[in-house]
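See structure below.
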Amino acid sequence: MSTSVIKQGHKPGENPWSLSRIAALLVLAFLAVTWLVPFAWSVLTSLKSEADAGASSLSFNPPDGFSFAAYRKVLSAGDIPSWAWNSLITSVAITLITVATSALAGYAFSRVNFKGKRWLYAAIIAAIIIPPQLLIVPLFRQMLAFNLVDTYWGIILPQAFAPAMVLILIRFFDQIPTELEEAARVDGAGRLRVFWSIVLPLSRPILAAVAIFVFIGAWNNFLWPFIVTTDAHLMTLPVGLQTVKSAYGLQYAQNMASAILAALPLVVVFLFFQRQIIKGIATTGFGGQ
């Protein structure tokens with residue numbers, strides 16, 4: 001087997017430009033363009049004046065030219081640094097708590113036989129099936145009872161449990177050979193020591209993927225932070241930007257600028273951790289494996 005074949009990942013005798021491979025590449029290219037066109041259009045609209053953005057005719061070269069006026073208006077109208085800081089604090093806390101609890105729960109379901117295991121597993125499945133909107137009212141009443149409305153914890157705690165991530169980690173832990181843990185237990189290691197020293201190091205790709213998915217979901221969440229916060233100083237970025245858009249009314253360029261500002265941190269996160277995301281997806285079977 002030649003070195004070039006090894007680097008490209010082709011099997012011996014496999015045609016790298018077969019009809020099926022070309023068709024798959026064309027489909028992937030079409031999907032990539034389909035995703036990029038709306039994003040490019042959003043960026044283009046955000047760089048137009050309001051008159052050009054609201055014009056009935058489509059134009060890639062606006063008469064008034066491109067400018068950052070929409071970004072300047074959005075940044076000057078609201079307290080975006082404070083909102084972004086609130087989003088960062090809550091999203092990081094939600095991610096840390098969710099990854100920790102999901103990893104512990106997933107390992108317990110995968111390796112430990114305990115009473116009521118089947119019922120708890122069924123409860124996790126039910127929590128995935130039930131629409132989260134149905135829980136808004138009881139969750140808000142709980143936050144009122146615990147005096148957590150208009151607090152960081154009021155935003156964090158109801159989002160710090162992800163049943164889907166527990167199922168994903170269960171599947172991953174099931175794939176880890178039990179012989180590794182049995183050898184450690186023979187040497188005197190306890191259950192938590194095995195989990196910390198053996199299981200977690202082997203689970204870095206999936207834990208990174210889960211953390212990124214949870215972080216993105218927490219950062220983009222609008223409904224719950226909007227309901228549980230009324231103090232402008234505690235608003236997250238999606239909620240705060242919505243108040244800016246409401247104050248201006250229907251302003252296409254400013255709306256697009258707000259959307260780009262809200263999505264920009266997530267783009268940066270994805271660019272830095274795309275390898276972990278792809279590796280985690282391939283490892284856990286997100287991709288249908």
Taking every heavy atom of Ser203 against every heavy atom of Ile176, the minimum-distance pair comes out as OG-CD1, 4.0 Å
Are the side chains of Pro158 and Met143 in contact, using a 4.5 Å heavy-atom criterion?
yes
For a side-chain contact (heavy atoms from CB on, under 4.5 Å) check, start with the C-alpha distance between Ile168 and Ile206, then their side-chain angles and the critical distance, and finish with the verdict.
CA-CA 9 Å; Ile168 292 168; Ile206 181 57; 3.7 Å; yes
Calculate, to the nearest 0.5 Å, the distance between atoms CZ and OH belonging to Phe195 and Tyr107 respectively.
8.0 Å
Quick check: does any side chain N or O of Ser110 sit under 3.5 Å from a backbone N or O of Gly106, one acting as donor and the other as acceptor?
no
For the backbone of Asp79 and the side chain of Ser82, can you confirm whether one donor and one acceptor N or O come within less than 3.5 Å of each other?
no
Is there a donor-acceptor contact under 3.5 Å from the side chain of Asn86 to the main chain of Leu237?
no
What class does the angle between the rings of Trp35 and Phe39 fall in, given that below 30° is parallel, 30 to 60° is tilted and above 60° is perpendicular?
parallel
Of all heavy-atom pairs linking Ala253 and Lys48, the shortest is CB-O, 3.5 Å
CE on Met165 to OG1 on Thr95, rounded to 0.5 Å
10.5 Å
Membership question, hydrophobic clusters at under 4.5 Å side-chain separation (ILVMFWY): are Leu135 and Ile128 in the same one?
no
Report yes if some heavy atom in the side chain of Ile125 is under 4.5 Å from a heavy atom in the side chain of Leu167; otherwise report no.
yes
Just by distance, do the side chain of Thr151 and the backbone of Leu148 share a donor-acceptor pair under 3.5 Å?
yes
Take Ile170 and Tyr121 through the test side-chain contact (heavy atoms from CB on, under 4.5 Å) and record every step on the way to the result.
CA-CA 11 Å; Ile170 290 174; Tyr121 191 85; 3.8 Å; yes
Are more than 12 heavy atoms from other residues, nucleotides or ligands located less than 6.0 Å from atom CZ of Phe226?
no
Is there a path of hydrophobic side-chain contacts, each under 4.5 Å between heavy atoms of I/L/V/M/F/W/Y residues, joining Phe30 to Leu19?
no
What closest approach, in Å, do Ile198 and Leu202 show between heavy atoms, and which atom pair accounts for it?
O-CG, 3.2 Å
Answer with yes or no whether the hydrophobic clustering places Leu266 together with Leu264; edges join I, L, V, M, F, W, Y residues whose side-chain heavy atoms lie under 4.5 Å apart.
no
Can a donor-acceptor pair be found between the side chains of Thr230 and Asp150 at a distance below 3.5 Å?
yes
At what distance, to the nearest 0.5 angstrom, does CH2 of Trp85 lie from CG of Leu234?
13.5 Å
Does CG in Leu192 sit with more than 12 non-hydrogen atoms of other residues, nucleotides or ligands closer than 6.0 Å?
no
State plainly whether one hydrophobic cluster holds both Ile94 and Phe161, where clusters connect Ile, Leu, Val, Met, Phe, Trp and Tyr through side-chain heavy atoms under 4.5 angstrom apart.
no
Within the side chain of Ser46, is there an N or O that forms a donor-acceptor pair under 3.5 Å with the backbone of Val43?
yes
Hey, quick one: are Ile129 and Val166 part of the same hydrophobic cluster, counting side-chain heavy atoms closer than 4.5 Å, chains of contacts allowed?
yes
To the nearest 0.5 Å, what is the distance between CZ on Phe68 and CG on Leu75?
11.0 Å
Would you list the atom pairs, donor with acceptor, under 3.5 Å between side chains in residues 208-224 and any protein atom, with sequence neighbours excluded?
unit_1, atom_1, unit_2, atom_2, d
Trp219, NE1, Ala262, O, 3.0
Asn220, ND2, Ile216, O, 3.4
Asn221, OD1, Leu223, N, 3.4
Asn221, ND2, Gln159, OE1, 2.7
Trp224, NE1, Gly154, O, 2.9

From CA spacing to verdict: side-chain contact (heavy atoms from CB on, under 4.5 Å), Leu139, Ile227:
CA-CA 10 Å; Leu139 283 176; Ile227 291 174; over 6 Å; no
Would you find a donor on one side and an acceptor on the other, under 3.5 Å apart, between the side chain of Trp41 and the backbone of Leu36?
no
When Phe109 is tested against each of Trp119, Phe172, Phe114 for ring-ring contact (aromatic ring centres under 6.0 Å, His included), which residue passes?
Phe114
CD1 of Ile80 to OG of Ser258: how many Å apart, nearest 0.5 Å?
6.5 Å
Pairs flagged by salt bridge (charged side-chain N to carboxylate O under 4.0 Å, His left out) wherever residues 101-116 is involved - sequence neighbours left out:
Arg111-Glu181
Any chance you could measure Ile260, atom CD1, to Met256, atom CE, to the nearest 0.5 Å?
8.0 Å
Taking all atoms of both residues into account, what is the closest heavy-atom pair of Ala257 and Val74, and its distance?
CB-CG2, 4.3 Å
Is any side-chain heavy atom of Ser87 less than 4.5 Å from a side-chain heavy atom of Pro238?
yes
Do Tyr152 and Thr90 pass the side-chain contact (heavy atoms from CB on, under 4.5 Å) test, and can you show the C-alpha distance, the side-chain angles, and the key distance before you say yes or no?
CA-CA 7 Å; Tyr152 282 132; Thr90 55; 3.8 Å; yes
May I ask you to decide if Ala108's main-chain N or O and Lys117's side chain share a donor-acceptor pair within less than 3.5 Å?
no
